[in-house]
Amino acid sequence: MAFDENASIAWHHFAKFVWRYDLEPVPGGTNVTESLNYDQPWAFLIVWLGFPAKNRLAMEASLERLERLVTS
């Protein structure tokens, strides 16, 4: 887990995968990068079940919602 105010926040997913938001100041705002690290021995099962693609879609949607919230 990590927390660096105005820079990053990360926590362990229930399967011990690390979910993370990194914040980067840019002119006129902040660039937000969301990531999920599957670096665990059992990740092959998660990959086999197709979760990385599903999570990518969910992450894109959450970043779009975040953008709408802060720009409205």
Side-chain angles (χ1 to χ4, degrees):
M1 295 192 337
F3 177 75
D4 185 4
E5 190 169 353
N6 298 320
S8 65
I9 183 169
W11 62 95
H12 287 283
H13 185 266
F14 73 91
K16 300 296 183 185
F17 303 134
V18 177
W19 209 291
R20 181 179 184 97
Y21 285 93
D22 289 300
L23 311 173
E24 177 188 6
V26 295
T30 303
N31 185 49
V32 180
T33 302
E34 184 177 1
S35 62
L36 179 58
N37 182 334
Y38 293 100
D39 190 22
Q40 294 295 333
W42 52 87
F44 72 92
L45 179 61
I46 298 301
V47 171
W48 181 74
L49 292 171
F51 279 96
K54 295 173 188 175
N55 287 336
R56 175 180 281 290
L57 292 174
M59 290 163 55
E60 289 171 359
S62 69
L63 291 172
E64 289 170 3
R65 283 191 304 274
L66 179 60
E67 183 176 21
R68 279 194 309 272
L69 284 170
V70 299
T71 59
S72 62

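What you are looking at is a predicted structure, and each value in this text was computed from that prediction instead of being measured.
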Query raised in the report: Can you pull the side-chain hydrogen bond (donor to acceptor under 3.5 Å, both in side chains) pairs that have at least one residue in residues 23-33, sequence neighbours excluded?
Result: none

Query - Heavy atoms of other groups near Trp48 CH2, more than 12 under 6.0 Å - result: no

Query - Val32 and Leu63, any side-chain heavy atoms less than 4.5 Å apart - result: yes

Requested in this report: Answer yes if Ile9 and Val18 sit in the same cluster of Ile, Leu, Val, Met, Phe, Trp and Tyr residues linked by side chain heavy atoms under 4.5 Å apart, and no otherwise.
Outcome: no

Query raised in the report: Of all residues at least two apart in sequence or in a different chain, which pass the side-chain contact (heavy atoms from CB on, under 4.5 Å) check with Phe14?
Result: none

Report summary line: Residues passing the ring-ring contact (aromatic ring centres under 6.0 Å, His included) test with Tyr38, sequence neighbours excluded, are Phe17

Query raised in the report: Rounded to the nearest 0.5 Å, how far apart are CD of Gln40 and CG of Leu45?
Result: 13.0 Å

Query raised in the report: Residues in side-chain hydrogen bond (donor to acceptor under 3.5 Å, both in side chains) with Asp22, at least two apart?
Result: Arg20

Query raised in the report: Going hydrophobic residue to hydrophobic residue with side-chain gaps under 4.5 angstrom, can you get from Leu49 over to Leu57?
Result: no

Query - With sequence neighbours excluded, residues passing side-chain contact (heavy atoms from CB on, under 4.5 Å) with Ser62 - result: Tyr21, Glu34, Arg65

Query raised in the report: With a cut-off of 6.0 Å (strictly less than), are more than 12 heavy atoms of other residues, nucleotides or ligands near NZ of Lys16?
Result: no

Requested in this report: Please name all residues satisfying side-chain contact (heavy atoms from CB on, under 4.5 Å) with Leu69, sequence neighbours left out, ordered by chain then number.
Outcome: none

Query - More than 12 heavy atoms from other groups under 6.0 Å of CD on Glu67 - result: no

Query raised in the report: Residues in side-chain contact (heavy atoms from CB on, under 4.5 Å) with Asp4, at least two apart?
Result: Ala7, Ser8

Report task. Could you pull out the closest heavy-atom pair between Pro52 and Val47, with the gap in Å? Result -> CD-CA, 3.9 Å

Query raised in the report: Considering all heavy atoms of both residues, which atom of Trp19 and which atom of Met59 are nearest to each other, and what is their separation?
Result: CZ2-CG, 3.9 Å

Report task. May I ask you to test the Arg56-Phe51 pair for a side-chain heavy-atom distance under 4.5 Å? Result -> no

